[in-house]
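So the structure is just underneath, and the comments pick up after that.
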Amino acid sequence: MRNKALTVPFVLWAMIFIVVPLIMIVWYGVTVEETPAYTEVVLEDGATYFQLEDGTLTTERPVKRAVVSLANFKRMLEPTYLKLLLRSLKVAVITTVICLLLGYPVALILTGKDFRRPALWLMLLILPMWMNFLLRTYSWMSILENSGILNSWIASLREAFPAFDAMLTRMGVGKKIIFLYNEKAVILGMVYNYLSFMIMPIYTVIEKIDRSLLEAAADLGASPRKSFLRVTLPYSLPGVLEGVTMVFVPAVTTFVISQLMGGGKVPLIGDIIQNQFGKSSDWHFGATLSLLVMVVVLAFMGALGRMDKEDETQKEVRIL
């Protein structure tokens with residue numbers, strides 16, 4: 001209580017970079033730009049006036065102004081945008097599930113008592129994340145493009161092994177395999193970029209589990225499988241939920257990966273929002289879509305929070 005002054009910088013930072021932008025998004029989201037209706041009036045002396053709907057005369061031509069309206073919310077509910085939102089949710093869920101299926105075993109292996117130098121391997125896993133996000137994505141594009149590394153290797157194998165070439169031909173595979181510019185490529189790019197966000201929290205939580213609980217389970221005759229299901233898995237759920245949140249939220253809002261690896265053929269809701277603030281210059285509709293995504297993300301995080309609280313209660317009951 002004596003050090004309240006130390007919180008002032010953080011409060012100011014939060015106000016400037018969190019509260020103010022949120023207020024701006026809400027304001028733009030619930031308003032539209034409209035030009036007031038007017039009639040041009042030319043008087044006998046040749047002077048030109050503009051008469052508004054309320055009868056007011058002005059010498060200045062009315063310009064666009066922001067007015068509160070629900071028009072953008074009605075537009076947001078059009079099938080086109082709802083389909084994009086559903087596609088974004090589907091891609092984000094698939095990405096999150098794949099990251100969980102890959103990340104949990106990796107975190108479990110790294111925390112094994114017989115695994116040597118886990119810190120080194122963990123550093124190697126997160127090392128690519130230190131590189132620029134765009135650079136990593138372009139690297140995958142150079143690997144998967146039609147004249148890329150992967151297609152070159154496959155072409156070399158087809159030349160070296162005619163049987164392999166005949167098998168691919170029977171399967172309907174052409175000389176060049178299209179890896180990019182589809183939904184699978186977008187998911188691959190997301191999994192690669194967000195996998196470490198799943199591994200890190202799970203690894204941190206499992207590493208902190210009291211080993212005496214596992215030893216006690218073994219002493220009571222529990223098999224390794226049962227020890228995992230009754231001890232490791234329940235106590236690692238907070239890390240799982242945190243990892244799911246850290247992957248799902250950026251996956252549902254991304255636009256760079258879908259634009260580069262999807263080639264514009266797999267538009268997501270993030271692409272539409274970015275386009276509204278960029279090419280279309282319709283900040284009001286872009287803010288409305290941002291509010292929609294924000295509500296979806298908050299609902300998702302709220303559901304995970306309730307699951308976390310229920311898990312804590314169940315753990316306490318199980319321990320007692």
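Quick caveat, the model's predicted, so the values are computed rather than measured.
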Whether the side chain of [X] engages the backbone of [Y] through a donor-acceptor N/O pair (distance < 3.5 Å, no angle test) should be reported.
X    : Y    : answer
R87  : P267 : yes
N151 : S147 : no
D271 : L268 : yes
R136 : M131 : yes
N182 : A185 : yes
H284 : G29  : no
S142 : S139 : yes
S281 : F277 : no

Considering residues, nucleotides and ligands other than [X], do more than 12 of their heavy atoms fall under 6.0 Å from its [atom1]?
X    : atom1 : answer
K184 : NZ    : no
M24  : CE    : no
F164 : CZ    : yes
R225 : CZ    : no
M294 : CE    : yes

Which atom pair, heavy atoms only, marks the closest approach of [X] to [Y]?
X    : Y    : value
L77  : L82  : O-CD1, 3.3 Å
V186 : I257 : O-CG2, 3.7 Å
F300 : T245 : CE2-CA, 4.3 Å
R230 : P234 : O-CG, 3.5 Å
T254 : V256 : OG1-N, 3.8 Å
K265 : Y181 : CD-O, 3.8 Å

Taking the side chain as C-beta and beyond, is there a heavy-atom pair between [X] and [Y] under 4.5 Å?
X    : Y    : result
I154 : L168 : yes
L110 : L125 : yes
T288 : L292 : no
V106 : W121 : no
V30  : F73  : yes
R158 : T169 : yes
V97  : V93  : yes
V205 : L237 : no

Side-chain hydrophobic cluster, 4.5 Å single linkage: members besides V32: V67
Polar side chain donor-acceptor pair, D282 to S280, under 3.5 angstrom: no
Y104-S236 side chain donor-acceptor pair, cut-off 3.5 Å: yes
How long is the straight-line distance from [atom2] of [Y] back to [atom1] of [X], given to the nearest 0.5 Å?
X    : Y    : atom1 : atom2 : result
N275 : Q259 : CG    : CD    : 8.5 Å
L144 : I178 : CG    : CD1   : 11.0 Å
S290 : Q276 : OG    : CD    : 9.5 Å
M246 : T96  : CE    : OG1   : 12.0 Å
W283 : T31  : CH2   : OG1   : 12.0 Å
L188 : N193 : CG    : CG    : 9.5 Å

Same apolar cluster (I L V M F W Y, side chains within < 4.5 Å links), [X]/[Y]:
X    : Y    : answer
V231 : L220 : no
V295 : F248 : no
L298 : V296 : yes
L135 : M141 : no
I16  : Y28  : yes

F197 and Y194 aromatic ring geometry - parallel, tilted or perpendicular at 30°/60° bounds: parallel
Criterion side chain to side chain contact (heavy atoms under 4.5 Å, CB included) on Y192 and I187, from CA distance to verdict: CA-CA 9 Å; Y192 172 73; I187 293 174; over 6 Å; no
Verdict with supporting geometry, I273 and F255, side chain to side chain contact (heavy atoms under 4.5 Å, CB included): CA-CA 9 Å; I273 294 174; F255 63 89; over 6 Å; no
Test side chain to side chain contact (heavy atoms under 4.5 Å, CB included) applied to I202 and L100, step by step: CA-CA 9 Å; I202 298 177; L100 179 59; 4.1 Å; yes
From CA spacing to verdict: side chain to side chain contact (heavy atoms under 4.5 Å, CB included), L260, L134: CA-CA 9 Å; L260 294 179; L134 286 175; 3.9 Å; yes
Ion pair check, E183 and K90, cut-off under 4.0 Å: yes
